[in-house]
> 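I'd like to ask you about the structure that follows.
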Amino acid sequence: MREPGDLARLLSVNPFFASLGPEAVAAIAGLCLTRGFEAGRTLFLKGDPGDALYAIRRGQVRIVAATGDGQRRTLNVLGAGDVFGEVALLDGRPRTATAVVSEAADLFVVRRGDLLALLTRRPELAIQVIELLCARIRWMSEQAEEAAFLPLDRRLVRRLIGLAEDFGTEIAVSQEDLAGFVGATRESVNRQLQVWKRAGLIALGRGRILIRDADALARLAGPSDGS
């Protein structure tokens, strides 16, 4: 089933695609397919070819990687409105992580062959996409710098704010996953969360975090330029 109007609206507010402009976004959205996936379904494995872009209409997807002892570490949690797989879609290289549906999801799918055919017909779109990829590289560099120089509390609060933007004030995420996101131990993450709990900024449940004072957390996050 094709629902290009829905995907166009989703892409138009996604930082990766929004600057392409409405005409280009509509053209890409016209390629989309809609697919439903049950919880537990693996969308792709690390090493699979990058043959499609995904956008989440409903549900939740986790991006995971295997650790040295054979366990899985969650790298990111994605929800409605998130787009993933865009870089592999364009370069066709193997996936660098595994994507698993953690809550039943409806996804928009754009296949690589369809997008490349569109870019061949409309080379001006290819130039715009190259510019977007350069912007993504700059963003990744900023993220790496943040991870290297920001203290744990600011890394953690920024991750919580980002998750709240996707999932609302009640976030289904484990402390172990949070630790993986910010490159810290579960114990150190728990200590910081307990500080914020005692201050009334958050509440903690089993596998869940409730944001009680988003404004106070935003102030703790500091300026967005990483200073």
> In Å, rounded to the nearest 0.5 Å, how long is the span from CG of Leu115 to OG1 of Thr120?
9.5 Å
> Treating Ser188 as the side-chain partner and Ala184 as the backbone partner, does any N or O pair qualify as donor plus acceptor under 3.5 Å?
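No, the answer is negative, given that no donor and acceptor are paired below the 3.5 Å cut-off.
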> Mind checking whether Val77 and Ile56 sit in one hydrophobic cluster, side chains of I, L, V, M, F, W, Y counted as touching below 4.5 Å?
no
> Identify the heavy atoms of Ala29 and Ala8 that sit nearest to each other, and give their distance.
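The answer is CB-N, 3.6 Å.
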> Within the 4.5 Å heavy-atom criterion, are Val64 and Leu75 side-chain neighbours or not?
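Heavy-atom side-chain distance check fails, nothing below 4.5 Å.
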> Applying a strict under-4.5 Å side-chain criterion to I, L, V, M, F, W and Y, I'd like to know whether Leu210 and Val189 cluster together.
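Different clusters: Leu210 never reaches Val189 through Ile, Leu, Val, Met, Phe, Trp or Tyr contacts under 4.5 Å.
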> For a 4.5 angstrom cut-off between non-hydrogen side-chain atoms, does Leu220 reach Leu201?
yes
> Assess the residue pair Val100 and Val61 against the criterion (side chain to side chain contact (heavy atoms under 4.5 Å, CB included)); give the C-alpha distance rounded to whole Å, side-chain angles, the decisive distance to 0.1 Å, and a yes or no.
CA-CA 6 Å; Val100 179; Val61 173; over 6 Å; no
> Testing the basics here: between Ala126 and Leu119, what is the closest heavy-atom pair and its distance to 0.1 Å?
N-CD2, 3.8 Å
> Under the criterion side chain to side chain contact (heavy atoms under 4.5 Å, CB included), I'd like the reasoning laid out for Thr98 against Ile63: C-alpha separation, chi angles, the key distance, then a yes or no.
CA-CA 6 Å; Thr98 295; Ile63 307 300; over 6 Å; no
> Report yes or no: does Arg111 contribute a side-chain atom to a donor-acceptor pair with the main-chain N or O of Ala52 at less than 3.5 Å?
no
> Using a 4.5 Å cut-off on heavy atoms from C-beta on, say whether the side chain of Phe108 contacts that of Leu33.
no
> Would you say the side chain of Leu163 lies within less than 4.5 Å of the side chain of Leu178, judging by non-hydrogen atoms?
yes
> Any idea how Phe84 and Tyr54 line up, ring-wise: parallel (<30°), tilted (30 to 60°), or perpendicular (>60°)?
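The arrangement is parallel - the two ring planes meet at less than 30°.
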> Side chains of Leu43 and Arg95: closer than 4.5 Å at any heavy-atom pair?
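No, their side chains stay 4.5 Å or more apart.
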> Write down the atom of Ser102, the atom of Ala39, and the distance for their closest heavy-atom approach.
O-CB, 3.9 Å
> Over all heavy atoms of both residues, which pair between Val157 and Ala221 is shortest? Give the atoms and the distance, please.
CG1-CA, 3.4 Å
> Going by atom types only, do Gln192 and Asp153 share a side-chain donor-acceptor pair under 3.5 Å?
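Absent: no donor and acceptor within the cut-off.
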> Would you indicate whether the side-chain heavy atoms of Gln175 and Leu193 approach each other to under 4.5 Å?
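A side-chain contact exists here, since the closest heavy-atom pair is under 4.5 Å.
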> Of all heavy-atom pairs between Ile171 and Ala164, which one has the smallest distance, and what is that distance?
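Closest heavy-atom pair between Ile171 and Ala164: CD1-N, 3.8 Å.
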> Checking side chain to side chain contact (heavy atoms under 4.5 Å, CB included) for the pair Ile202/Leu217: CA distance, chi angles, key distance, verdict?
CA-CA 9 Å; Ile202 63 172; Leu217 288 177; 4.1 Å; yes
> What's the verdict on side chain to side chain contact (heavy atoms under 4.5 Å, CB included) for Ile28 and Leu118, showing C-alpha distance, side-chain angles and the deciding distance?
CA-CA 8 Å; Ile28 294 172; Leu118 173 65; 4.0 Å; yes
> Looking at Thr42 and Leu45, what are the two nearest heavy atoms and their distance?
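Here Thr42 and Leu45 meet closest at CG2-CD2, 3.7 Å.
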> Could you check whether atom CD of Glu176 has more than 12 heavy atoms from other residues, nucleotides or ligands sitting under 6.0 Å from it?
no
> I'd like to check the salt bridge (Lys or Arg N to Asp or Glu O under 4.0 Å) partners of Asp177; sequence neighbours left out, ordered by chain and number.
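Asp177 satisfies salt bridge (Lys or Arg N to Asp or Glu O under 4.0 Å) with Arg62 only.
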> Calculate, to the nearest 0.5 Å, the distance between atoms CD1 and OG belonging to Ile209 and Ser174 respectively.
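Between Ile209 CD1 and Ser174 OG, I get 8.5 Å after rounding to 0.5 Å.
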> For Arg191, which residues count as a salt bridge (Lys or Arg N to Asp or Glu O under 4.0 Å) partner, sequence neighbours excluded?
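Listed in chain order: nothing, the list is empty.
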> Is the shortest heavy-atom distance from the side chain of Leu125 to the side chain of Ile127 under 4.5 Å?
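Answer no - side chains too far apart.
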> Looking at Arg212, I want to see if its CZ is surrounded by more than 12 non-hydrogen atoms of other residues, nucleotides or ligands under 6.0 Å.
no
> Would you say Arg155's side chain and Val182's backbone share a donor-acceptor pair under 3.5 angstrom?
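Yes, the answer is positive, given that a donor and an acceptor are paired below the 3.5 Å cut-off.
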> How long is the gap from CD on Gln60 to CG on Asp82, to the nearest 0.5 Å?
10.0 Å
> Stepwise, does the salt bridge (Lys or Arg N to Asp or Glu O under 4.0 Å) test hold for Asp106 with Arg58?
CA-CA 5 Å; Asp106 293 329; Arg58 177 186 66 87; 3.1 Å; yes
> Out of curiosity, does Val25 fall in the hydrophobic cluster containing Leu53 (side-chain heavy atoms, cut-off under 4.5 Å, transitive links)?
yes
> Is it the case that one hydrophobic cluster holds both Leu160 and Phe167, taking links as side-chain heavy atoms less than 4.5 Å apart, direct or via other members?
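Yes, because Leu160 and Phe167 connect within a single hydrophobic cluster, where side-chain heavy atoms sit under 4.5 Å apart.
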> State which residues pass salt bridge (Lys or Arg N to Asp or Glu O under 4.0 Å) with Glu124; sequence neighbours excluded, sorted by chain then number.
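Glu124 satisfies salt bridge (Lys or Arg N to Asp or Glu O under 4.0 Å) with Arg122 once adjacent residues are dropped.
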